[in-house]
Amino acid sequence: MNRALSAVPAELAGKVVTPDDRRYRALRSTYTTVGHPAAVVLPESAGDVAAALRLARETGLRVAVRSGGHGLSGSGTNDGGLVIDLSALHRVDVIDRGSRLVRVEAGARWAQVARALAPHGLAISSGDHGNVGVGGIATGGGVGWLVRQYGLTIDHIRAVEVVLPDGTAVRADAETEPELLWVMRGAGAGAGIAVAFEIEAMELRAVGHAQLVAAVDPAGQTLRRWADVMARAPRELSTAVTLSSRGATAAAFITAVVASDSPSVIRDTVEPLLGIGDVMVQQAHVVPYTELVPPHHLHANTGQMRSSTTNGLLTDLTSDAARALVTASAAPHPVLIQLRSLGGATHDPVPSATAFAHRHQNTLVVASAFPPDDRATLATAWAPLARHTNSAYVNFESAPDEATFARAYPGPTGTRVTGLWKRYDPDGVLRPRPPT
Ligand SMILES: Cc1cc2nc3c(=O)[nH]c(=O)nc-3n(C[C@H](O)[C@H](O)[C@H](O)COP(=O)(O)OP(=O)(O)OC[C@H]3O[C@@H](n4cnc5c(N)ncnc54)[C@H](O)[C@@H]3O)c2cc1C
């Protein structure tokens with residue numbers, strides 16, 4: 001054991017896992033990154049989080065914060081430092097059914113949240129995977145399966161219980177700590193450790209779930225027609241498109257989710273997608289929302305998915321952008337390209353309402369490459385795509401740096417985020433650091 005860790009505070013007894021502990025193997029890593037921390041602390045309360053921060057201060061160990069461990073940059077672990085792993089904080093409670101107000105602890109996974117809310121006929125649109133943690137999504141954005149109907153997850157956060165880097169516990173809401181609430185909704189990682197969120201859920205039991213496969217032409221006209229359909233689509237429709245190429249043949253695997261359990265509404269809503277080109281496969285079902293982020297997604301994170309990921313937001317899918325997307329997915333060393341529809345409710349808030357300022361873009365483009373040459377492959381593929389994008393979403397970046405910060409938090413948003421990070425974390429305990 002690291003000698004500095006010999007004096008663990010009494011309240012953390014049994015909650016500090018060091019390399020000699022049999023629990024360490026399952027706790028050291030995240031989804032993308034194998035870590036070698038000196039210790040992983042498992043807080044069970046806000047007081048424990050404060051004690052963990054005190055321990056980090058006293059030992060001089062660098063802090064990593066983890067909720068679900070799905071962060072693409074691997075910032076939920078480190079080598080030689082202290083990981084504050086919130087997984088023991090996973091309660092989900094309906095506070096007020098009438099106003100659909102739900103309290104969700106940061107260490108819960110979205111599969112657990114969906115399962116807990118389903119009996120109440122409620123859901124929170126979060127992301128596309130049930131193993132992703134509440135903390136990372138709800139402090140960064142949250143582009144979920146129902147993003148065009150519901151907006152981002154952060155758009156519905158009414159209060160956040162935060163432990164600040166100095167150990168102070170604060171409940172931030174619109175009246176008592178509006179600036180802290182603002183920064184926690186989109187740039188929370190640099191301000192404090194969120195312990196729980198109060199979120200307004202939506203009335204939802206079942207959804208329409210359709211899967212289509214369409215041939216994609218080299219000029220990307222199929223993708224442009226998809227974007228046209230989405231621009232005219234009702235909010236009930238959200239889609240995700242994965243591009244896949246084999247030789248000269250490219251295909252778009254489209255998942256469409258309709259916020260309705262009415263077969264006729266689902267059929268009418270999905271039908272325009274059949275006109276985007278040569279649709280080879282299609283199927284549609286009415287499924288409970290829980291099936292979109294199912295319990296079988298839950299798994300331990302062991303660094304199993306090493307990858308490099310970046311992203312950008314598009315206002316218009318121009319013909320040049322569409323061609324560049326197909327080229328990137330078909331390159332000799334291809335990258336995995338995913339397009340996520342925005343628009344709809346994501347455009348409702350004014351850009352200054354939260355730290356996620358991107359309120360007029362219509363498509364999120366996410367590009368990922370895999371070992372062995374993931375970094376170089378991604379850099380080569382992304383360069384021609386980057387100029388078509390005008391901003392970025394912080395949660396789909398595996399190597400965040402100052403350029404990423406500027407794209408995620410442009411102009412006055414960046415100035416405000418930087419100022420608030422300095423106010424709440426003057427000693428730079430949390431990452432990412434503001435640009436100097
Ligand atoms: C398979 C997969 C699918 C994904 N799908 C989507 C998707 O559909 N939509 C979408 O929007 N995103 C998606 N993401 C990206 C996701 O939003 C981010 O990876 C997010 O950070 C994961 O949250 P987490 O709690 O699991 O991460 P963690 O690895 O636990 O945390 C990552 C970082 O977030 C910050 N953080 C986490 N918890 C807290 C907290 N409680 N308080 C303060 N800061 C915190 C910390 O800086 C931490 O290091 C996906 C990622 C993966 C790997």
Side-chain angles (χ1 to χ4, degrees), residues 128 143 145-149 208 210-258 266-282 284 309-331 334-347 358-368 378 380-393 396 407:
D128 65 359
V143 178
W145 282 125
L146 295 155
V147 64
R148 297 182 74 255
Q149 171 76 15
Q211 285 178 309
L212 291 75
V213 181
V216 172
D217 57 295
Q221 290 306 312
T222 313
L223 300 181
R224 295 198 74 205
R225 285 191 288 269
W226 164 77
D228 283 349
V229 168
M230 293 312 301
R232 284 179 278 108
R235 289 176 173 214
E236 284 82 359
L237 180 65
S238 299
T239 54
V241 180
T242 302
L243 283 185
S244 172
S245 296
R246 185 166 295 172
T249 315
F253 291 80
I254 304 174
T255 301
V257 178
V258 183
I266 295 165
R267 193 181 49 241
D268 292 351
T269 308
V270 170
E271 200 169 353
L273 288 169
L274 302 179
I276 66 170
D278 181 11
V279 174
M280 299 176 281
V281 180
Q282 49 158 310
T309 295
T310 191
N311 78 96
L313 298 165
L314 298 173
T315 306
D316 298 312
L317 189 49
T318 61
S319 49
D320 285 349
R323 185 184 295 277
L325 285 165
V326 181
T327 305
S329 81
V335 289
L336 186 69
I337 301 272
Q338 201 186 47
L339 310 179
R340 302 284 288 264
S341 61
L342 297 174
T346 70
H347 290 182
H358 319 296
R359 300 302 184 167
H360 67 274
Q361 291 86 346
N362 292 308
T363 306
L364 164 66
V365 181
V366 181
S368 300
L378 186 65
T380 306
W382 187 252
L385 283 174
R387 65 172 168 273
H388 300 290
T389 68
N390 55 31
S391 45
Y393 169 32
F396 277 117
R407 281 156 42 81

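- Ser341 OG to Arg148 CZ: the interatomic distance, rounded to the nearest 0.5 Å, is 5.5 Å.
- Distance check, rounded to the nearest 0.5 Å: NE2 of His360 to CG of Leu342 gives 11.0 Å.
- Note that OG of Ser391 is 4.0 Å distant from CG of Leu313, once rounded to the nearest 0.5 Å.
- Contact detail for Ala321 and Leu385: the closest heavy-atom pair is O-CD2, 4.5 Å.
- In this structure, NE2 on His358 lies 11.5 Å from NE2 on His347, to the nearest 0.5 angstrom.
- Looking at Val213 and Ile254, their side chains never come closer than 4.5 Å, going by heavy atoms from C-beta outward.
- The closest donor-acceptor contact from the side chain of Arg225 to the backbone of Leu273 lies at 3.5 Å or more, if one exists at all.
- In summary, the side chains of Trp226 and Thr239 do present a donor paired with an acceptor at a separation below 3.5 Å, with no hydrogens or angles considered.
- Phe396 has its side chain out of reach of Thr310: every pair of non-hydrogen atoms, C-beta onward, lies at least 4.5 Å apart.
- Asn362 contributes no side-chain N or O that, together with a main-chain N or O of Ala231, makes up a donor-acceptor pair within less than 3.5 Å.
- Considering all non-hydrogen atoms of both residues, Thr269 and Pro234 come closest at CG2-CG, 3.9 Å.
- A donor-acceptor contact shorter than 3.5 Å is absent between the side chain of His388 and the backbone of Thr318.
- Under the 4.5 Å side-chain criterion, counting only non-hydrogen atoms from C-beta, Val270 is in contact with Val258.
- Taking 4.0 Å as the cut-off between side-chain N and carboxylate O, Asp128 and Arg340 count as a salt-bridged pair.
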Requested in this report: Given side chain to side chain contact (heavy atoms under 4.5 Å, CB included), test Leu325 with Val365 step by step and report yes or no.
Outcome: CA-CA 9 Å; Leu325 285 165; Val365 181; 3.6 Å; yes

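- Considering all non-hydrogen atoms of both residues, Val326 and Gly220 come closest at CG2-CA, 3.8 Å.
- Two residues are said to be in side-chain contact when any heavy atoms from C-beta on lie closer than 4.5 Å; Val366 and Ile337 fail this criterion.
- Under a cut-off of 6.0 angstrom, the local environment of CZ in Arg359 is crowded, with over 12 non-hydrogen atoms contributed by other residues, nucleotides or ligands.
- Residues Val241 and Gln338 fail the side-chain proximity criterion, which asks for heavy atoms closer than 4.5 Å.
- With values rounded to the nearest 0.5 angstrom, Asp228 atom CG is found 9.5 Å from Gln221 atom CD.
- Looking only at side-chain heavy atoms (C-beta outward), Ile266 and Glu236 stay at 4.5 Å or farther from each other.
- Checked by atom type and distance alone, the side chain of Arg235 never pairs as donor or acceptor with a backbone atom of Gly343 at under 3.5 Å.
- Residues Ser238 and Trp145 come closest through the heavy atom pair CB-O, 3.1 Å.
- Taking CD1 of Ile276 as the start and CG of Leu212 as the end, the distance is 7.0 Å to the nearest 0.5 Å.
- Asp278 places no side-chain N or O within donor-acceptor distance of the main-chain N or O of Ala214, the cut-off being under 3.5 Å.
- In this structure, a donor-acceptor pair under 3.5 Å is present between the side chains of Ser329 and Ser245.
- Looking only at side-chain heavy atoms (C-beta outward), Leu364 and Asn311 come within less than 4.5 Å of each other.
- A 4.5 Å side-chain heavy-atom check between Asn390 and Gln361 finds at least one atom pair inside the cut-off.
- For Thr327 (side chain) and Arg323 (main-chain N/O), a donor-acceptor pair under 3.5 Å exists by modelled atom type.
- Between Leu223 and Leu317, the shortest heavy-atom distance links the atoms O-CD2, 3.4 Å.
- The minimum heavy-atom distance between Ala345 and Val147, with the atom names listed, is CB-O, 4.3 Å.
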